[in-house]
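Bear in mind that the values here come from a model prediction, so they are computed numbers and not experimental data.
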Amino acid sequence: GAPACAPLRTRTVGVCAPPGPPGAAGGGLCFRPGPLNDTTAPSLRPLYDALHDMVDPESIPRLLAAGTVEVAPLGYMRGRTLSDAFIILDEAQNTSPEQMKMFLTRLGFASKMVVTGDVTQIDLPTGTPSGLKVVRDVLNGVDDVHFAELTSHDVVRHRLVGAIVEAYERWDHPEVKAVNARERRRS
């Protein structure tokens with residue numbers, strides 16, 4: 001988050017996994033009609049919003065123009081090596097396992113990588129496994145890889161958002177689902 005972008009001593013690269021059909025490792029990006037900015041802007045908006053929260057908004061155009069900060073869709077990472085950078089993949093729950101592998105293997109020398117996502121908000125087609133779910137099994141036990149699970153107590157939005165998350169967790173619990181199903185059958 002903010003501590004990562006505050007000093008901007010190294011290049012910061014924000015990458016967003018756009019929702020939609022993942023297809024190949026580049027994602028569904030190539031199949032969206034229209035100019036590049038029109039097709040990528042909606043999926044990148046959360047990264048720009050976060051950037052505006054962490055950095056003086058007046059300096060953002062200069063940082064983007066200088067390449068100190070880069071915001072890009074996941075599909076444009078193929079073939080790149082990101083050295084001397086702090087790299088953030090946002091919305092990683094919407095990656096396929098192939099996309100996740102492609103992204104993780106972009107890590108260059110003197111770089112750090114953070115992958116964020118919420119496995120309760122997957123927007124992939126039915127039957128497509130989430131790369132964020134799969135990567136835990138794949139990289140379990142690999143040195144220098146750490147997984148952190150956040151809870152409703154870590155929510156940094158309106159206080160009600162934490163309560164909403166907890167309510168959905170209770171509602172989604174298998175025992176509660178069984179009770180709700182019985183009640184629906186009765187009515």
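- Leu139 contributes atom CG, which lies 9.0 Å from atom CE of Met100 (distance to the nearest 0.5 angstrom).
- In the displayed structure, Phe147 atom CZ is contacted under 6.0 Å by more than 12 heavy atoms of other residues, nucleotides or ligands.
- Residues Leu51 and Ile60 are in side-chain contact: their nearest non-hydrogen atoms beyond the backbone lie under 4.5 Å apart.
- Side-chain contact check for Glu91 versus Thr116: every heavy-atom pair is 4.5 Å or farther apart.
- Val134 and Val119 fall within the same hydrophobic cluster, defined by Ile, Leu, Val, Met, Phe, Trp and Tyr side-chain heavy atoms under 4.5 Å apart, directly or through other members.
- With rounding to the nearest 0.5 Å, the separation of CG in Leu132 from CG in Asn94 is 9.5 Å.
- Contact detail for Pro61 and Pro57: the closest heavy-atom pair is CD-O, 3.6 Å.
- Here the side chains of Lys112 and Ile87 are not in contact, with every heavy-atom distance at 4.5 Å or above.
- Counting heavy atoms from C-beta on, the side chains of Val135 and Val115 never come closer than 4.5 Å.
- Of the possible donor and acceptor atoms, none in the side chain of Ser111 sits under 3.5 Å from a partner among the backbone N and O of Leu107.
- In this structure, CZ on Arg106 lies 11.5 Å from OG on Ser83, to the nearest 0.5 angstrom.
- Tyr168 and Leu150 fall into different hydrophobic clusters, defined by Ile, Leu, Val, Met, Phe, Trp and Tyr side-chain heavy atoms under 4.5 Å apart, directly or through other members.
- Taking hydrophobic clusters as Ile, Leu, Val, Met, Phe, Trp and Tyr residues chained together by side-chain heavy-atom distances below 4.5 Å, Val142 shares a cluster with Val138.
- Judged purely by distance below 3.5 Å, without hydrogens or angles, the side chains of Ser152 and Glu166 pair a donor atom with an acceptor atom.
- Residues Val165 and Leu160 do not share a hydrophobic cluster, defined by chaining ILVMFWY side chains whose heavy atoms lie under 4.5 Å apart.
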**OP:** List the steps, then state whether side chain to side chain contact (heavy atoms under 4.5 Å, CB included) holds for Glu169 with Thr151.
**Re:** CA-CA 10 Å; Glu169 287 172 351; Thr151 69; 5.8 Å; no
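- Side-chain contact check for Leu104 versus Leu89: every heavy-atom pair is 4.5 Å or farther apart.
- Put simply, the side chain of Tyr48 reaches to within 4.5 Å of the side chain of Val71, judged on heavy atoms.
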Subject >> Derivation and outcome, side chain to side chain contact (heavy atoms under 4.5 Å, CB included), residues Thr95 and Phe103 >> reply: CA-CA 9 Å; Thr95 62; Phe103 174 76; over 6 Å; no
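- Counting heavy atoms from C-beta on, the side chains of Ser130 and Leu124 come closer than 4.5 Å.
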**OP:** Could you check Val55 against Leu63 for side chain to side chain contact (heavy atoms under 4.5 Å, CB included), going step by step and ending with a plain yes or no?
**Re:** CA-CA 10 Å; Val55 178; Leu63 294 169; 3.7 Å; yes
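- The OG1 atom of Thr128 sits 9.0 Å away from atom CD of Glu98, with the distance rounded to the nearest 0.5 Å.
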**OP:** Would you sort out whether Arg78 and Gln99 count as a side chain to side chain contact (heavy atoms under 4.5 Å, CB included), showing the intermediate values?
**Re:** CA-CA 9 Å; Arg78 181 172 286 292; Gln99 288 172 315; over 6 Å; no
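- For the pair Thr81 (side chain) and Gly108 (backbone), a donor-acceptor distance under 3.5 Å is absent.
- Grouping the Ile, Leu, Val, Met, Phe, Trp and Tyr side chains by contacts below 4.5 angstrom, directly or via other members, places Val155 apart from Val114.
- Taken from CD in Glu70 to CE in Met77, the straight-line distance is 5.0 Å, to the nearest 0.5 Å.
- Gln121 contributes no side-chain N or O that, together with a main-chain N or O of Asp118, makes up a donor-acceptor pair within less than 3.5 Å.
- Here the side chains of Ile122 and Lys133 are in contact, with some heavy-atom distance below 4.5 Å.
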